[in-house]
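Here the structure is laid out as structure tokens; the discussion comes afterwards.
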Amino acid sequence: MLNDELAAIFEEMADMEEIEGRKWQSIAYRKAAASISTAGGNLIDLYRSGRLRDIDGVGEAIEAKIRDYIEKGKIEKYDEMKARYPIDFASLRKLQGLGPKKIYALFTALGVKDIETLKAALNDHSISGLQGFGEKSEESLRKAVEVFEKYGANRRFLAEIYDEIQEIKKKLAKSSLFEDLEIAGSFRRMRETVGDIDILGISSNPEKGREFFTNLDDVAGIISSGPSKMTVRLKNGLTCDFRIFARDSFGAAMQYFTGSKEHNVQLREIAISKGMKLNEYGLYEGDRVKAGSDEATIYRALGLEWIEPELRENMGEIEAAGAKRLPRLVEYGSIRGDLHTHTVDTDGRNTLEQMVGAASASGLEYIAITNHSKGLKVAKGLTDEGFRSFNRKIDSMNEKSSIRIFKGVELEILKDGSLDLDDSTLQEMDFVLAALHQGVVGDANENTARVVKAIGSGKIHSLAHPTGRLIGSREAYRLNFERIFEACKENQVFIEINGYPERSDLPFDLVKKAREYGILFTLGSDSHSTKDLRNLHFATAIARRGWLDKESVVNTLNADHFTNLIRR
DNA sequence: GCCGTTTTCGGCCCGACTGTTTTCAGTCG
């Protein structure tokens, strides 16, 4: 994606500027890179409408570079610099402890330009002895390469490590060495992936607390350890920061370590503009402590409402908090039904009975079974006749079931935008999810037309996993979401937030956009087995990160109200 | 290179830890 490409380029330019000692240019490039990759929206659209400068951190010079990249496919200054520094910064920067200056030192002295040449230098033992490097530096680099090759430097799915991290917190709590414990960082912000874990604690016996922590069997090794901060590698490959604070500072610490970094930078700038200083110990006016023990007081002292962790991405939440216009986010406990599930009758692993039983046990009031339609052969999609007989099974189950079961389908949108089942079959269905799975092309207009036609059919309720992305393995489909959102609004079609971790689709930034159109959303776990039902929790997290209130989420309705809403 | 509730110039978030240094630079979050 263009945003990612340019963000990577600007990150590299930041590295090279730093090598050349231009600190502020470096910071400017990094800032631009960050806002392009997180909050940028589609760069092509912004470019076409001449609104590139609206992006935080993009001024005259960087705007020109983005333009050149779009129009000519290259950025002259980048190419010039790259000729001087033919280095794979992106990979080398992923090694713990290696930044631009050290990379440059290794490059000039030993010709290190990527992981392979670094490994060669390590094998020669030629690094210790270089100016600024010693035995320990060489050893820690060796370790960093080892970790990189074992785990990659990739982020992990929140859903994948969620329970394990909660377990660690429980073990710490059980020691009764801590008065309070919280997990901060992107974990607390419920980002779909996390790069590391931050655990904060209050303890009257920090020494013992730290010792207890390092001796947990989840800890694989210590990366660094000082009097107030320690960093370890967990056995699951993640790095974990553990810090102990005084009660008076705990709110400031929570604020600081929850981030995001961009959100924090913004807050600290506001503090400065009000003649104050904000750090992880508190908010200060001169020597006087204005706030520190709880987060809300800090935000209030800065003239802001308290901001939910999920919103802290510097995507307008600070302005909204200043104007007291933050949304009341949909709550995790308010989701009453799951609107995307499969059974063994197509590509699921559990039976209808098992899925319904598990949904009921997890406290849901209803579930829509949305098996694939016949066009998706790899998933053994059901034919019209298949659905009719499956529907009869649901009817009879509904007579004895404690929760309501809706007859659903995850319906293929065919190549020409038509639908994969007969009208008479669709008439029988309670809930129709429509999805693109196959035949998606490189042309955004063609893909969009296909989706818009399906939305306009009057026969679908919700658009499933709209971007089609699979985090880590497949890019989002090329689609024009402005047109899709308009079509959904016009035809009263909902949009799904799919909580399957690899999908996490619609992504939260697009949820926030779609929300502005007044569209309603359906949450789905996309369960292929009973244990996937927990994905609904993570779908809710995406909804919250996308600023949704309860009224925007269809699943918060009870079964009767939901039935009325989907009646065609 | 960016930006403006004090600014169109002169600032730019802040503190901890490590390793190599004899007081600090580099890295990280």
I want to check one thing: is the phosphate of [N], taken as OP1 and OP2, less than 4.0 Å away from some side-chain N or O of [X]?
X: A/Lys102; N: B/dA25; answer: no
X: A/Ser137; N: B/dT20; answer: yes
X: A/Ser224; N: B/dC28; answer: no

Residue pair A/Ser186 / A/Arg191, side-chain donor-acceptor N/O under 3.5 Å: no
By side chain to side chain donor-acceptor pair (under 3.5 Å) - contacts of [X] (at least two apart):
X: A/Asp45; value: none
X: A/Ser552; value: A/Asp549
X: A/Asp4; value: none

Looking only at atom [atom1], what distance separates [N] and [M], rounded to whole Å?
N: B/dC12; M: B/dT6; atom1: P; value: 15 Å
N: B/dT18; M: B/dT23; atom1: C1'; value: 15 Å
N: B/dC3; M: B/dT8; atom1: C1'; value: 9 Å
N: B/dG15; M: B/dG10; atom1: P; value: 26 Å
N: B/dT21; M: B/dG26; atom1: C1'; value: 12 Å
N: B/dT20; M: B/dT27; atom1: C1'; value: 14 Å

Looking for any heavy atom pair under 4.0 Å, which part of the strands does [X] touch: base, sugar-phosphate only, or nothing?
X: A/Arg53; answer: nothing
X: A/Glu135; answer: sugar-phosphate
X: A/Leu95; answer: sugar-phosphate
X: A/Lys277; answer: sugar-phosphate
X: A/Ile62; answer: sugar-phosphate
X: A/Ser225; answer: sugar-phosphate

Pull out every residue in [range] that has a heavy atom closer than 4.0 Å to any atom of DNA chain B, ordered by number, or say none.
range: residues 278-289 of chain A; answer: A/Leu278, A/Asn279, A/Glu280, A/Tyr281
range: residues 243-261 of chain A; answer: A/Arg243, A/Tyr256, A/Lys261
range: residues 65-80 of chain A; answer: A/Lys65, A/Lys77

Mapping A/Leu130 and A/Val265 to their closest nucleotides on DNA chain B, which lands nearer the 5' end? A/Val265
Assert: residue with more 5' nearest nucleotide on DNA chain B, out of A/Lys229 and A/Glu269, is A/Glu269
For B/dT8, the Watson-Crick or wobble counterpart (both distances under 3.5 Å): none
In A/Val219, A/Asp217, A/Leu216, the residue satisfying side-chain contact (heavy atoms from CB on, under 4.5 Å) with A/Lys235 is A/Asp217
A/Arg93 side-chain proximity, nearest of B/dT27, B/dC17, B/dC28: B/dC28
